[in-house]
2 protein chains.
Amino acid sequence: MAGPKRLTQHDIAKLAGVSQATVSLVLNGAPTALARIPQETRERVQHVIRTTGYVADPIARRMAKGLNRILGVFTYEPAFPSEQADFFTPFLLGIEEEAQAQNYDLLLLTGAGVGKDRKIFADGNRLRIADGCLVLGREFDRAELKRLVLGDYPFVAIGRREDAGEPVPYVGGDYTSGTRALVEKARGLGHEKLAYIGPSGPAESIADRWNGFSAAARDGAEPVLHIDAVDRPAGEILDALFASGATAAFFVELADAVRVEVAARERGLSLPGDFSAVVLGSHIRAERSHVQFTSFNIPREEMGRQATAMLVRRIEGAAPVEQILLTCEPVEGETLGPAKKRT
Amino acid sequence: MAGPKRLTQHDIAKLAGVSQATVSLVLNGAPTALARIPQETRERVQHVIRTTGYVADPIARRMAKGLNRILGVFTYEPAFPSEQADFFTPFLLGIEEEAQAQNYDLLLLTGAGVGKDRKIFADGNRLRIADGCLVLGREFDRAELKRLVLGDYPFVAIGRREDAGEPVPYVGGDYTSGTRALVEKARGLGHEKLAYIGPSGPAESIADRWNGFSAAARDGAEPVLHIDAVDRPAGEILDALFASGATAAFFVELADAVRVEVAARERGLSLPGDFSAVVLGSHIRAERSHVQFTSFNIPREEMGRQATAMLVRRIEGAAPVEQILLTCEPVEGETLGPAKKRT
DNA sequence: ATTAGCTGCTAATGCGCATTAGCAGTCAAG
DNA sequence: CTTGACTGCTAATGCGCATTAGCAGCTAAT
């Protein structure tokens, strides 16, 4: 059933003419213990290890000591499918980088459920193979999050998360401030009637954008339109936009902005001449559109890096819960201009 | 962080007034063993389990069973940095999908060396943490491959590999046939003088394309130009192309084809009117060019899936070495047309 | 000569579970 | 009243490792 059986420390011990305990000590004994094993013996053991390619079984290691220098990465959606890949890849890049720097390996938890129905705590919960775990995904299962928070397994979320019983450790992007800055910029350019186009789900990332928008809009500008449904035809959105008298439109999704821009162009309108458009987040694939939208940047790689560092801190030092929001720098772009006077 | 110590079967046993073994049996004993535990006892145990919320520690479980259900993924280049991401992502997608289906987790080996200097057997090598391993990358280190093949650690390469001491288990793309088909198609359109533009390294993927090209070209068409160096200016390549009298150019790298096409357009030439161009492989990011080149598709996702399945077979059943080449379907494109008569 | 201290190792134990051998009791058949 | 079969459970072991206690042999100091 099981393929060729693994080498064990016992095998190494026999080959080196020592005991299993000695092999373990050579491998990772405390300095005080190591000092009592002469150079000669250590080298003999090391040599056998090197020639056989022996590596300690992570499961056993974790069993005995509780740590194995492996970080789990759990994604609520499969990480690589092409629609998702562009979303997850930058995070993974940052994570991989930092993990390597900290000398941890990454265990990609494929989850038990198929496709969309992933659950952390599904069958036999393999989570604990790793020393700790990063959790990412657009939508979190609140019940699972709560269970995680209340448990004693170290984890860090990527993306801001509301308290779930207790505060959730996370590294997120400061969408609220990013959005507010853009709204203020628009106001500075004379925009007084603003449209908000995007979903309004319970997800924190969505809520933050909306909060930033409405907070900034309230004092100075006027939100005149809020289109929730995103599957509406671009032409319809455009119509609503003009009917409302808005001079600037804030899009949560780049895709919507692109669609609306295309529709506008077809009508002979241009941005930002006829109206301004702002996207609340960085473009995943900028090259798909030839328009460089005004927006803010989401520092995904940096989020991955910092989340990883935070997780390691929690694993190694039982650090207190931290919550970090990274600044989302504005992206100048070319779709936000002075407000056009309408009649 | 603070939490009561994890419950163990021992705790459950005490609460239910039975032994640890009984708890384990109730939880997942063989039917024959279960038959000997009366309903009443089972219910008592189940009740305690339910009220305490006990869940078996998956680590200990795997430890006892002897299987980790972890697949390693080793890449010869870091997988996520953006230049590489487009290359690796489709493979990873397939791998993740199949791993999930087979209920394995993925261990991404971040590699010891940073950047280009990755080695599988670098010391501190954590390869064997996993039950088996997938190896991918454009260029393999032959010495390492040999060591892998001769060892008894289950692995599967992605991409065809020459024997290295013994046959290498792999799942690759059939570039030879893919290339041959395209050459034959060109011949059918009247192309008799063909150019081959691309490197000719030792890598199997490169060799296969060249073999397919020269085999197909030999009977019917005539290879009249072979440009190895790829860093030459596009204009120069174009000059050489015309000087040779070739009516169709076969590019190994999409990037070269794009450059040459741009240069041609600048000279007022058009494809496939003035000459035909064929790319030997699928476009990683087609949208970067507005020209849809005639080429063949590399089924990267499927390669990932099948390689994963093959690896699982080897791990679980010690299956014999398999070598699979997947068909690379032609991509019609718009750059291959009838040969133009030259003077 | 005894003690104390050091060196170079190893035996033993436990992590939480799965699994097997087997014990004590009951009951029916011979 | 003995044997055998069956019932209802438990003790014991091992998975591969980390870790601790401690043993035997030696030297230096008292």
Side-chain angles (χ1 to χ4, degrees), chain A residues 1-45 49 52 54-70 123-129 131 152-153, chain B residues 4-45 49 52 54-70 126 128-131:
Chain A
M1 200 64 185
K5 59 176 182 259
R6 286 180 84 105
L7 280 170
T8 70
Q9 288 189 345
H10 202 82
D11 301 323
I12 304 299
K14 270 191 297 186
L15 289 174
V18 295
S19 71
Q20 175 264 324
T22 304
V23 176
S24 178
L25 288 179
V26 167
L27 232 38
N28 47 14
T32 61
L34 262 183
R36 300 182 54 179
I37 298 177
Q39 184 72 359
E40 201 264 328
T41 305
R42 270 185 290 179
E43 270 168 11
R44 194 151 31 94
V45 173
I49 289 175
T52 54
Y54 166 83
V55 180
D57 183 329
I59 299 284
R61 211 185 168 106
R62 178 122 170 96
M63 179 93 197
K65 174 166 124 177
L67 291 180
N68 56 16
R69 298 205 83 80
I70 291 179
D123 101 302
N125 167 12
R126 41 197 35 204
L127 206 56
R128 295 186 113 87
I129 292 175
D131 297 337
D152 60 354
Y153 183 71
Chain B
K5 231 173 282 179
R6 239 186 118 78
L7 282 169
T8 68
Q9 288 190 345
H10 203 84
D11 301 324
I12 304 299
K14 271 192 297 189
L15 290 174
V18 295
S19 71
Q20 174 264 323
T22 304
V23 176
S24 178
L25 288 179
V26 167
L27 232 37
N28 48 13
T32 61
L34 262 182
R36 300 181 54 179
I37 298 176
Q39 184 73 1
E40 201 265 325
T41 305
R42 272 184 290 180
E43 270 169 9
R44 192 153 30 93
V45 174
I49 289 176
T52 54
Y54 166 81
V55 181
D57 180 349
I59 297 294
R61 219 182 168 108
R62 289 198 199 183
M63 171 100 185
K65 286 205 163 170
L67 264 186
N68 314 189
R69 298 203 83 83
I70 295 177
R126 324 244 303 149
R128 295 181 117 90
I129 287 178
D131 295 330

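These figures come from a predicted structure and were not determined experimentally.
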Which pairs of donor and acceptor atoms, one on a side chain in residues 7-15 of chain A, lie under 3.5 Å apart (sequence neighbours left out)?
unit_1	atom_1	unit_2	atom_2	d
A:Thr8	OG1	A:His10	N	3.2
A:Thr8	OG1	A:Asp11	N	3.3
A:Thr8	OG1	A:Asp11	OD2	3.4
A:Gln9	OE1	A:Gln20	NE2	2.9
A:Asp11	OD2	A:Thr8	N	2.9

Contacts table for residues 27-41 of chain A: side-chain donor-acceptor under 3.5 angstrom, sequence neighbours left out:
unit_1	atom_1	unit_2	atom_2	d
A:Gln39	OE1	A:Arg42	NH2	3.3
A:Gln39	NE2	A:Glu43	OE2	3.0

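Note on A:Ala21: a base of the nucleic acid sits closer than 4.0 angstrom, heavy atoms only. Using a 4.0 Å heavy-atom cutoff across all strands shown, B:Val23 reaches no nucleic acid atom at all. A:Thr8 comes within 4.0 angstrom of the backbone, heavy atoms only, and of no base.
The rotation axes computed at either terminus of the helix from C:dA1-D:dT30 to C:dG30-D:dC1 lie 80° apart, taking five pairs at each end and rounding to 10 degrees.
Remark: A:Thr52 engages no residue in a side-chain hydrogen bond (donor to acceptor under 3.5 Å, both in side chains) (not counting sequence neighbours). By the side-chain hydrogen bond (donor to acceptor under 3.5 Å, both in side chains) test, B:Arg44 pairs with no residue at all, sequence neighbours left out. When the side chain to side chain contact (heavy atoms under 4.5 Å, CB included) test is applied to B:Ala16, the partners found at least two apart in sequence or on another chain are B:Val18, B:Val45, B:Val48. The side-chain hydrogen bond (donor to acceptor under 3.5 Å, both in side chains) test applied to A:Ser24 returns no partner, not counting sequence neighbours. Applying the side chain to side chain contact (heavy atoms under 4.5 Å, CB included) test to B:Ala21 and every residue at least two apart in sequence or in another chain returns B:Ser19.
Extent of DNA chain C lying under 4.0 Å from chain A heavy atoms, first and last nucleotide in 5' to 3' order, is C:dT7 to C:dG16.
Each of B:Lys65 and B:Gly17 was assigned the nucleotide of DNA chain D with the nearest heavy atom; the assignment lying further toward the 5' end belongs to B:Gly17. Each of B:Leu25 and B:Ala60 has a nearest nucleotide on DNA chain C; the 5'-most of these lies closest to B:Ala60.
A distance of 10.5 Å separates CD1 of A:Ile129 from CZ of B:Arg69, quoted to the nearest 0.5 Å.
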